[in-house]
Amino acid sequence: MQWEKSLFGKSMFSFNSCTLSILLFSLYSGWLLAFPFEGQIFYALGESNNISVQNMLFSGIAAHFAGLISCGLLIKNIHEAKRVFSISALVCIAGSSIFFTPYSAAWHVSIIVISFSAGFAIASWGFYLKNFTLPEKRIKTVADALIFSNILMIIFNIIAVNFSPYTALAISIFSLVLSFFLNIKLDVDGAPEINQQNPALDKEVKVPLLFLCIFIIIITINSGLMYRIINPAFYEHRFLVSWFWAVPYIATILVLRNIPLETNRTYALIVGIAMIGFSFLLFAYLDRSAGSYIIIDSLMLGACGIFDLFWWSILGEMVDYSQNAAKIFGTGLAANVLGVFIGEITASRIYAANPNTSSSTVVALAIVFVIMLMLPVLNNQLIRLLKEHAFLTNFFNMTHPEQDKTIYNLMTSRGLTEREKGITALLLKGLTYKMIAEELHLSENTVKTHIKNIYSKCEVQNKSQLIKFFDEDSTTNTKT
């Protein structure tokens, strides 16, 4: 059951529902990034108590990975997702409060519990993304979620590093409280219950998702290297790091977010690969001044922004190809966490064996080389599923007259009326329901009714599948 099916029910989700889901996710994720997941609050608390928190952070990352994977196995619909998000927020509020007490074994237990619980909450947001945002708007939704999450993280980091980790912890817990109440306010009663699985759809998404996860793991190994090698090298510039850290990341996503949707962003991935390579090369040869940090961080975090928006937006459209959005979303994010974990373990071993920058640079450049080889393969896998995605290139060889004629014949063979053919053609061009209504001088409700009939006759469930249906069938018929 897909997003579009809710269009024909009694309740149509509003823009406010989308905004609310972005806000509650950002508030929750801001706490996560600033505290249990490699957060500056946690590091500052460790310094205040004269302890090393590295082993606890590793435990937290592993627990978070387990939570992301487990959510998709246990949560089956948006109503369950809402309950889980609320419970998780309460668990994390209680668990975070333990860190106001002096260091004890309770810290070790708490970091595992809250990290695991956070994995459930983050993965469950996949249902909100699927139900509250149109497929063509999801790239902006995930961009907003990433931007606001990192802005909050910067605020928490500044307070933790330059003022008091306990003040930062208290404010981050307050953000969890706000997230909890916004989640309570969010109306999911109009969302369709998803009880039946569709094996055909789930099978269709498995191979592209596998390739995407491998790509995510490989590229985020660099993030782990960055956490353990690059960041500590600029420890003396803690004030600068505390606020500048994610600025290039946010700026890059903001730029990509505001590029027109019809603009292909494939070129940005190539630029991102080059930025990662140059950042590690410069790290090996530049000094440890503030200027060097700004250059290296701008390149590295700018690249992270490009690739994070790439695979978050891919996952945002993949959820339409599975009945369980949390399973798709959680699996993709778990790949990210696993990549970071591998990178950190690799960095720790590299530094222990040879505490210089050249070894990490060699590893990073090797990863860049693998990414360059894998990117075309990944594109070919994803383009079969998501032909209209902004980060993908569709090497479609038919001329437009041939394509139009073949698609028209396919529409006829499916029994579409002339009005339905016209609406289908506009859908394939990327027009929204409102734009189609204005183009054909119809009401939106009439357009929705026609689209419902089109989906039924073509045996698809959403716009992405409709596009895929006509692209594949028209290609086959033309070759024949």
Side-chain angles (χ1 to χ4, degrees), residues 16-45 48 53 57 60-61 63-64 67-68 71 81-101 107 110-111 113-126 128-129 132 141-186 242-243 245-247 249-250 253-254 308 312 333 337:
N16 288 336
S17 297
C18 177
T19 303
L20 203 60
S21 71
I22 293 171
L23 288 175
L24 66 89
F25 177 87
S26 300
L27 289 164
Y28 195 106
S29 184
W31 161 83
L32 177 65
L33 294 172
F35 183 43
F37 193 78
E38 287 287 353
Q40 290 300 313
I41 294 176
F42 202 31
Y43 281 113
L45 287 171
S48 296
V53 296
L57 285 171
I61 291 173
H64 190 55
L68 288 166
C71 182
K82 180 177 179 178
R83 287 193 292 271
V84 163
F85 198 99
S86 292
I87 293 170
S88 175
L90 292 175
V91 169
C92 293
I93 290 167
S96 299
S97 300
I98 291 174
F99 290 87
F100 285 109
T101 65
W107 281 33
S110 182
I111 195 66
V113 172
I114 64 177
S115 296
F116 180 82
S117 181
F120 263 75
I122 297 299
S124 67
W125 190 71
Y128 294 178
L129 181 62
F132 298 145
T141 296
V142 297
D144 290 341
L146 291 171
I147 289 169
F148 294 136
S149 297
N150 280 271
I151 289 174
L152 284 172
M153 180 194 70
I154 289 174
I155 294 172
F156 298 151
N157 285 351
I158 291 174
I159 297 171
V161 172
N162 301 292
F163 298 98
S164 165
Y166 294 100
T167 301
L169 178 60
I171 296 174
S172 70
I173 291 175
F174 180 67
S175 77
L176 282 177
V177 174
L178 290 177
S179 181
F180 170 79
F181 282 110
L182 288 178
N183 189 59
I184 295 296
K185 182 179 176 61
L186 189 65
S242 67
W243 68 266
W245 163 243
V247 170
Y249 179 90
I250 294 170
I253 293 178
L254 189 62
D308 278 9
W312 274 67
L333 295 181
V337 173

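The basis for the numbers below is simple: all heavy atoms, side chains too, and nothing from hydrogens, waters or symmetry mates.
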Trainee: Could I get the full list of ring pair (Phe, Tyr, Trp, His ring centres under 6.0 Å) partners for Phe120, not counting sequence neighbours?
Mentor: Phe116

Trainee: So which heavy atom on Ala121 is nearest to which on Phe85, and how close?
Mentor: O-CD1, 3.5 Å

Trainee: Can you list everything that forms a side chain to side chain donor-acceptor pair (under 3.5 Å) with Asn183? Sequence neighbours excluded, please.
Mentor: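 Asn183 satisfies side chain to side chain donor-acceptor pair (under 3.5 Å) with Ser86, Tyr128 only.
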
Trainee: Looking only at side-chain N and O atoms, does Trp31 offer a donor or acceptor that is under 3.5 Å from a partner on Ser96?
Mentor: yes

Trainee: Check side-chain contact (heavy atoms from CB on, under 4.5 Å) between Leu254 and all other residues, then give those that pass, not counting sequence neighbours.
Mentor: Ile147, Asn258

Trainee: Quick one: side-chain contact (heavy atoms from CB on, under 4.5 Å) partners of Ser110, sequence neighbours excluded?
Mentor: Ile98, Phe99, Ile114

Trainee: Is there side-chain contact between Leu57 and Tyr43, with heavy atoms separated by less than 4.5 Å?
Mentor: yes

Trainee: Of all residues at least two apart in sequence or in a different chain, which pass the ring pair (Phe, Tyr, Trp, His ring centres under 6.0 Å) check with Phe180?
Mentor: none

Trainee: Between CD1 of Ile154 and CD1 of Ile250, what distance do you get to the nearest 0.5 Å?
Mentor: 3.5 Å

Trainee: Within a strict 4.5 Å, meaning less than it, do heavy atoms of the Leu45 and Tyr166 side chains meet?
Mentor: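 The answer is yes, as the side chains (C-beta and beyond) meet within the 4.5 Å cut-off.
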
Trainee: Please name the pair of heavy atoms, one in Pro36 and one in Ile111, separated by the smallest distance, quoted to 0.1 Å.
Mentor: CB-CD1, 3.7 Å

Trainee: Looking only at heavy atoms, which two atoms of Ala168 and Ile159 are closest? And how far apart?
Mentor: N-CG2, 3.6 Å

Trainee: Does any pair with a residue in residues 160-182 pass salt bridge (charged side-chain N to carboxylate O under 4.0 Å, His left out), and if so which ones, sequence neighbours excluded?
Mentor: none

Trainee: Parallel, tilted or perpendicular for Phe35 and Phe42, by the 30°/60° rule?
Mentor: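 Ring orientation, 0 to 90° scale: perpendicular.
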
Trainee: Quick one: salt bridge (charged side-chain N to carboxylate O under 4.0 Å, His left out) pairs with a partner in residues 81-95, sequence neighbours left out?
Mentor: none

Trainee: Does Ser175 have any side chain to side chain donor-acceptor pair (under 3.5 Å) partners at least two apart in sequence or in another chain, and if so, which?
Mentor: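 None.
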
Trainee: Heavy-atom distance under 4.5 Å between the side chains of Phe25 and Ile122, does that happen here?
Mentor: yes

Trainee: Walk me through whether Asp308 and Tyr249 qualify under side chain to side chain contact (heavy atoms under 4.5 Å, CB included).
Mentor: CA-CA 9 Å; Asp308 278 9; Tyr249 179 90; 2.7 Å; yes

Trainee: Between Trp125 and Ser21 (side chain of the first, backbone of the second, donor and acceptor by atom type, cut-off under 3.5 Å), is there such a pair?
Mentor: yes

Trainee: Only pairs at least two apart or in different chains count here, so list each salt bridge (charged side-chain N to carboxylate O under 4.0 Å, His left out) that has a residue in residues 164-183.
Mentor: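 Listed once each, the pairs would be none.
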
Trainee: Does the Ser149 side chain pair with the main chain of Leu146, one donor and one acceptor, at a distance under 3.5 Å?
Mentor: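 Checked: no pair found.
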
Trainee: Tell me, do Phe132 and Ile22 make a side-chain contact under 4.5 Å, heavy atoms counted?
Mentor: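 No, too far: nothing below the 4.5 Å cut-off.
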
Trainee: For residues Ser48 and Pro165, report the shortest heavy-atom separation together with the two atoms involved.
Mentor: OG-CG, 3.5 Å

Trainee: Does Ser117 have any side chain to side chain donor-acceptor pair (under 3.5 Å) partners at least two apart in sequence or in another chain, and if so, which?
Mentor: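 Expected list: Ser88.
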
Trainee: Drop me the distance from Trp312's CH2 to Leu129's CG, to the nearest 0.5 angstrom.
Mentor: 9.0 Å

Trainee: Do you know which two heavy atoms are closest between Met153 and Ala246, and how far apart they sit?
Mentor: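 Result for this residue pair: CE-CB, 3.6 Å.
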
Trainee: Looking at every non-hydrogen atom in both residues, tell me the closest pair between Ser26 and Leu152 and how far apart they are.
Mentor: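 Heavy-atom minimum between the residues: O-CD1, 3.4 Å.
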
Trainee: Just jot down the side chain to side chain donor-acceptor pair (under 3.5 Å) partners of Asn157, sequence neighbours excluded, or say none.
Mentor: none

Trainee: Among residues two or more places apart or on two chains, list those pairs meeting salt bridge (charged side-chain N to carboxylate O under 4.0 Å, His left out) that have a residue in residues 28-43.
Mentor: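 Found Glu38-Arg228.
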
Trainee: So with a 6.0 Å cut-off around CZ of Phe100, is the heavy-atom count from everything else above 12?
Mentor: yes

